[in-house]
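Before any comments, here is the structure.
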2 protein chains.
Amino acid sequence: MAATIHDVARKAGVGIGTVSSVLNNSRPVNEKTRQKVLTAVAELDFVPNPSGRRLSLGKTHTIGVVIPYFTIASQIERLRGVMSVIAGSDYDINLFTVETIPQRNKILQTVPRRGRIDGLLIFSLNPTEADLRRIHRHNIPTVLVEASHPDLPHLFLDDVAAAQTAVEHLIQLGHRKIGYISDYLDDPFGSFFSRNRYQGYCQALKAADLPIQPEYHRQGCFGREDGREKTFELLNLPNPPTAIFTYSDDIALAVLEVARDLNLNVPGDLSVVGYDDIELANFAQLTTVRQYLFESGIQGVELLLDTIEHPDAPPSHHQLPTELIVRRTTASPSQSNDAVSLKNRD
Amino acid sequence: MAATIHDVARKAGVGIGTVSSVLNNSRPVNEKTRQKVLTAVAELDFVPNPSGRRLSLGKTHTIGVVIPYFTIASQIERLRGVMSVIAGSDYDINLFTVETIPQRNKILQTVPRRGRIDGLLIFSLNPTEADLRRIHRHNIPTVLVEASHPDLPHLFLDDVAAAQTAVEHLIQLGHRKIGYISDYLDDPFGSFFSRNRYQGYCQALKAADLPIQPEYHRQGCFGREDGREKTFELLNLPNPPTAIFTYSDDIALAVLEVARDLNLNVPGDLSVVGYDDIELANFAQLTTVRQYLFESGIQGVELLLDTIEHPDAPPSHHQLPTELIVRRTTASPSQSNDAVSLKNRD
DNA sequence: GCAACACACGGAAACGTTTCCGACACGTAG
DNA sequence: CTACGTGTCGGAAACGTTTCCGTGTGTTGC
């Protein structure tokens, strides 16, 4: 159907090697011959078949990107960063989203293989030791973003410190009853950020001599709906928290939704702090921990492209900055007791 | 480095054809031989090289997805629908995001080629006639979503009717001065939805004997920031509209942002209607036109997979439903004049 | 005991590239 | 006239699969 390099060679009256040379500038070709080849290429609308190319070169010119939590806005923002770099390169992107544990395992088992991709970018997922052995055995350049492993190049956040800063902000405002909504601490996908942020939360409380009350910590919150549920649980406690810190902006927005449904005044009755600083955090005027998401996508691919070019360089680890952005969902807790505060709006 | 089918054959003491047969179940193999092959495969951790496979089969098992407006939440939602189907198939996804016109052209020129992908899914982009010729010449199964062309299978919306319904809702509430913020009507990417929605807007006005005032129509609005700007322009008119309809929820959220910044009461001073019903529309209590985004992604790939299997079936065209979701950003215009309404909140 | 047949399997050919060895033509120096 | 370099190019080999033709072995029926 489609023209092959042999068709071009025949039409131009040259050998296939010459056609290849012209197309790849891989060796000098007489100007006249070059023109003959180029017109033949144009007439046949010839484009080299990538499968043949890949087989011959042993390179796929494709990068795999593995993304869990694809519902979450922060991941999209990272992906956008990745795409912005890829657009200017000659690499293709293979997208793998992971929604379930079996899927996670299947992807990590089948994707990192020579001949499938040239490099792998993994977001927010810590590979197991078995995964790692496979990655090394197949010798696939791999970069982690928002995750870490000593043997792999990665970009990581200081989640502990960032969470601690966020909770300290609440404590400084006068909050003593602070809830935290997290993902499962033993994240089934093998992410640690939720656990780290929990640790930062605990450290802040400890440093202020506040007790760590287990009922103020809700874990296992995945989507928006879970977020609403956990918020209800927290606010229905006999002695509910006056502030809630969440492990993502998406969840924080769910908290705000519930607060509105309950006619709770934010920040008067309830302060809320998120994490990520997605675009909508600004819309909702959410106080949150900013991480530079788009930028992290860019740095992630660039690190990967580097690793592909220099596979033997020692794995480099870069810390991504974070910053507490104070907007309008945090304030000092009102003096009124909780029963009243449930009614004092509208 | 990695094991090939020859290594497996040698180790198992069989021929390569037998190994291939075992792996693909392509012909009966004696049980004993089969076991020998399988253990050799396991010991060598052999996985067939996709490039070799593709070259031999003439299939890539890859689907290209072309997505413009990747910032917009609705596109992500569609992509999620696509991924949910792909996860259960043995296809890979090649992602192409388009941000600029040259990029759009480059992608549409280089992506639809045999040997690169088996099928192409295009979101919200109308191919030019030249694009179409190329697609047909290379004989690449292609499906459009939120776009249309008689020669290609596609999923389309009745944007005209949906927009008309939205504007009629505003008229019924008593609005007479209704603004519309759209993308460029001559969309540089070749999308028609913006133009169609404008037409629906005009039809609704006409049907109610309302004048179509050019200054109420702002076009060329791409991102959130543009949205804010266009909103300012509309609200700063000597005789500003009392309601604003936008071509996407993302822009509608920008309108809400501006309204809040100006201390305008929504919906008291200003009604707002969006389009898409992204997840955050519910959070913002935005009245909007719902399209079933996730579902449209699912249907899009399924149609494509169908087309790949039956390339000679006539292109089928499916209409996607829409629905007006009335929430809390629309109400009857207040009686007070505009100067007052700018102050009557808080 | 032999023809016919089923079953099982080996390996050459083909897919479309790139690479690289070798060859040819021409000019130049000795 | 010869030897050698230079510029140019052709096409076999290799990349790792799948397919399919052909062959060998054992079984069945007469």
Side-chain angles (χ1 to χ4, degrees), chain A residues 1-38 40-41 44-62 90 92 110 113-118 138-139, chain B residues 1-38 40-41 44-62 90 92 110 113-118 138-139:
Chain A
M1 192 83 223
T4 74
I5 201 171
H6 289 96
D7 300 328
V8 177
R10 202 176 318 123
K11 180 145 203 157
V14 301
I16 54 168
T18 307
V19 178
S20 182
S21 308
V22 170
L23 260 36
N24 301 306
N25 270 323
S26 49
R27 70 181 181 191
V29 172
N30 180 287
E31 186 53 28
K32 244 176 157 173
T33 318
R34 149 188 241 79
Q35 285 309 329
K36 275 195 298 183
V37 170
L38 288 179
V41 165
L44 292 172
D45 191 25
F46 169 75
V47 175
N49 178 311
S51 298
R53 209 145 196 280
R54 288 170 179 180
L55 183 57
S56 182
L57 290 171
K59 300 198 124 262
T60 60
H61 277 272
T62 298
D90 55 351
D92 280 349
T110 58
R113 318 205 89 113
R114 280 267 167 226
R116 181 148 197 200
I117 52 170
D118 289 347
H138 288 266
N139 203 18
Chain B
M1 192 82 224
T4 75
I5 201 171
H6 289 95
D7 301 327
V8 176
R10 203 176 318 123
K11 179 146 203 158
V14 302
I16 55 168
T18 306
V19 177
S20 182
S21 309
V22 170
L23 261 37
N24 302 306
N25 271 322
S26 49
R27 71 181 178 190
V29 173
N30 179 287
E31 186 52 29
K32 242 176 157 175
T33 319
R34 152 189 237 77
Q35 285 309 329
K36 276 196 297 184
V37 170
L38 288 179
V41 164
L44 292 170
D45 191 26
F46 169 75
V47 175
N49 179 311
S51 298
R53 210 148 192 278
R54 288 171 179 178
L55 183 56
S56 182
L57 290 171
K59 299 200 125 260
T60 62
H61 278 269
T62 298
D90 56 349
D92 280 348
T110 58
R113 317 204 91 114
R114 281 267 167 225
R116 182 149 195 200
I117 52 171
D118 289 346
H138 288 266
N139 201 18

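Chain A is the first sequence line, chain B the second, and so forth, proteins listed ahead of strands; every chain is numbered from 1. Scope of the values below: all heavy atoms of this structure, side chains included, with no hydrogens, waters or symmetry mates.
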Angle of first-five versus last-five pair axes in the helix from C/dG1-D/dC30 to C/dG30-D/dC1, to 10 degrees: 60°
Atom-pair distance (NZ on A/K32; P on D/dG7), nearest Å: 19 Å
Flag, side chain of B/D118 to backbone of B/H61, donor-acceptor distance under 3.5 Å: yes
pair A/V19-A/H6: side-chain heavy atoms closer than 4.5 Å: no
Rounded distance (Å) that lies between atom C1' of C/dG10 and atom NZ of B/K36: 13 Å
A/L23 vs A/P48 side-chain heavy atoms within contact, under 4.5 Å: yes
A/N24 side chain to A/S21 backbone, donor-acceptor under 3.5 Å: no
Close side-chain approach of A/V37 and A/K32, heavy atoms under 4.5 Å: no
Donor-acceptor pair between B/R113 and B/H138 side chains, under 3.5 angstrom: yes
Summary of protein contacts for nucleotides 11-18 of chain C, nucleotide by nucleotide, where a base hit scores B, a sugar-phosphate-only hit scores S (4.0 Å, heavy atoms): BB--BBBB
Validation row: B/T60, B/R116 side chains within 4.5 angstrom (heavy atoms): no
Distance-only donor-acceptor check, side chains B/R54 and B/N49, under 3.5 Å: no
